Number of protein chains: 2
Amino acid sequence: MDSLEIDTPMNFCQACAVRNRAICADLDDEEIGLLNAIGRRKRLRAGEQLLWEGDEAIIVANVVEGVLKLSTQTADGKEQILGMVYPSDFLGRPFGETTPYGVEALSDAQVCVFRRADFDRFAREHPRLEHKLLERTLAELDRARRWMVLLGRMNAEQKLATYLVETAERLLPANCDETKLGDERTLTLPLSRQQMADVLGLTIETVSRHISKLKKEGLIDLPGRRELTINSLKALAERGG
Amino acid sequence: MDSLEIDTPMNFCQACAVRNRAICADLDDEEIGLLNAIGRRKRLRAGEQLLWEGDEAIIVANVVEGVLKLSTQTADGKEQILGMVYPSDFLGRPFGETTPYGVEALSDAQVCVFRRADFDRFAREHPRLEHKLLERTLAELDRARRWMVLLGRMNAEQKLATYLVETAERLLPANCDETKLGDERTLTLPLSRQQMADVLGLTIETVSRHISKLKKEGLIDLPGRRELTINSLKALAERGG
DNA sequence: TTTTTGGTTTGACCAAAATCAATGACGACC
DNA sequence: GGTCGTCATTGATTTTGGTCAAACCAAAAA
């Protein structure tokens, strides 16, 4: 299957949901028009793979909608999730020969796809875009390094608590605190237990055990397998070290 | 102490040892002159700290000579080394408020230091420099992510073997192989056992034990505490998973 | 030379997480 | 409503790496 298969022409950047947050935010109308001409909108179903690890780096993309994971396999078959990308995030490896990780949609998703060669050329000719990309890449590097501390120096409980706090901060309605009740402290986990294990460098059993432990201790509740209620974000954050 | 203390004015980029490899490589003479005007050469002694974690991001720098480590502390006092920088590498956090890691010289070193504000302005006005910085940052992100796999999914032996192979590949004379004898397969380790532990997310005892194990098994020899002889790079690489 | 010092090695023991193995629960589909 | 398949939980056991403590060693200082 051709990975540049076109689902929808990307005609209307103007109406794009992430127009003001993605790396194209600083471009003027003329530039947007040019970018429009080299990009294509693509829809992905949950579970569909956009890029394979080690592939020639043919494409890069902007996320418009949905959540995707970046991940890699070890020689002995274990998986490590390297990062998650959300709407307005950029993915792929510009200015590189191969894509160093696989990309898979975790939910149904929409992305703007560019051939890497086209994108590289466009970027070099448009410093404002390159600047945005640089700022994002620097922020991503900071994030990867914080995650290195989690992977290298935290125990299972700290890893899990840190992950849950981070997830809550991203997904829970803003300025939610302990005083809120019910739904407002409940979120839908974007990852399965196995995927959490792959993010945290643990096994599924260890994740499950520590989630149960946090529940038993009253810090969280589990209305459903994919539902999580935070009873005390503060206490949870303290467990994160 | 003012961290912009000047040791030597950075007058002669032309004569700089890393002139053709650092991010300034693509600049023309006029641009180099401008960059020259905002940078200062600084010497560091082994063990001296250039940046403190959490500091306002006042400065960024290019490494001219020596090796430095980027590292961070956890709440419970453990250290995680996030990366090492070598001559021609860039360090610091441009376009950011705070420096997310401490920087310490592991050997005597020389760096070109810039006030962050000056550097940021210069970079925005010189897309060729920004492009170089972007390429480096992307490469660094790839490297950080590969390290995440090591930290998250490898056991102690795999971590150590991987580290030793990587170190050998950087420090051993090029195209060295098993057929070589004696000195040509021996290198000086740039890190102490404790620092290796901090890079690999282990304790010093575990590092020591596994080094002894690899020695007992004949894959390596230890002529001195800081000396390492590789008997079989291939076999060592296999241990790395 | 002897002493001191700091990094390193080694051993005994312990705790945490992985592994192995059932069992349980939920949703999709018939 | 029942059955299948997937995912999650729980328990028993093993393995790994961490912790604590002691010995070791080499280089620098006295």
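Chain letters run A, B, ... following the sequence lines, proteins first, then strands; residues in each count from 1. Everything numeric here is computed off the predicted structure, so don't read it as measured data.
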Between CG of N155(A) and C1' of dT19(D) the distance, given in whole Å, is 14 Å
Could you tell me whether the side chain of R209(B) has a donor or acceptor atom within less than 3.5 Å of a complementary atom in the base of dT19(D)? yes
Between S192(A) and R153(A), name the one whose nearest nucleotide on DNA chain D is closer to the 5' end. S192(A)
So S208(A), base contact, sugar-phosphate only, or nothing? Heavy-atom distance under 4.0 Å. base
Taking atom P of dT16(D) as reference, at what distance in whole Å does atom CD of Q158(B) sit? 11 Å
Hey, does the side chain of T206(B) come within less than 4.0 Å of dG18(D)'s phosphate (OP1/OP2), counting only N and O? yes
If I take atom CG in residue D198(A) and atom P in nucleotide dC7(D), what distance separates them, rounded to the nearest angstrom? 12 Å
Rounded interatomic separation in angstrom, taking CD from E227(A) and P from dC7(D): 17 Å
Pick base, sugar-phosphate or nothing for L202(B), based on heavy-atom distances below 4.0 Å to the nucleic acid. sugar-phosphate
For the student: nearest non-hydrogen atoms of A156(A) and T206(A), plus distance: CB-CG2, 3.6 Å
Determine: side-chain N/O of H210(B) to OP1/OP2 of dG17(D), distance under 4.0 Å, yes or no. yes
Of the candidates dA18(C), dT8(C), dA17(C), the side chain of T203(A) sits closest to dA18(C)
From CG of L160(A) across to P of dA18(C) the rounded distance in Å is 12 Å
Could you tell me the separation between the CG atom of L222(B) and the P atom of dC24(D), rounded to a whole number of Å? 19 Å
I need the minimum non-hydrogen distance between K69(A) and Q195(A), along with the two atoms involved. NZ-NE2, 4.5 Å
Take the protein atom CE of M196(A) and the nucleotide atom C1' of dA17(C), then report the distance between them rounded to whole Å. 18 Å
Examine the base of dG7(C) for any acceptor or donor lying under 3.5 Å from a partner atom in the side chain of R225(B), and report the outcome as yes or no. yes
Name of the residue among K213(B), R209(B), H210(B) meeting side-chain hydrogen bond (donor to acceptor under 3.5 Å, both in side chains) with E157(B): K213(B)
Cationic N near anionic O, under 4.0 Å, E166(B) to R146(B): no
Could you tell me if R41(B) and Q110(B) have a donor-acceptor pair between their side chains, going purely by distance under 3.5 Å? yes
Distance check needed: dT6(D) C1' versus R193(A) CZ, whole Å only. 14 Å
Would you mind classifying the nucleic acid contact of Q194(A) as base, sugar-phosphate or nothing, using non-hydrogen atoms under 4.0 angstrom? sugar-phosphate
Side chain of E205(A), base of dC20(C): donor and acceptor closer than 3.5 Å? yes
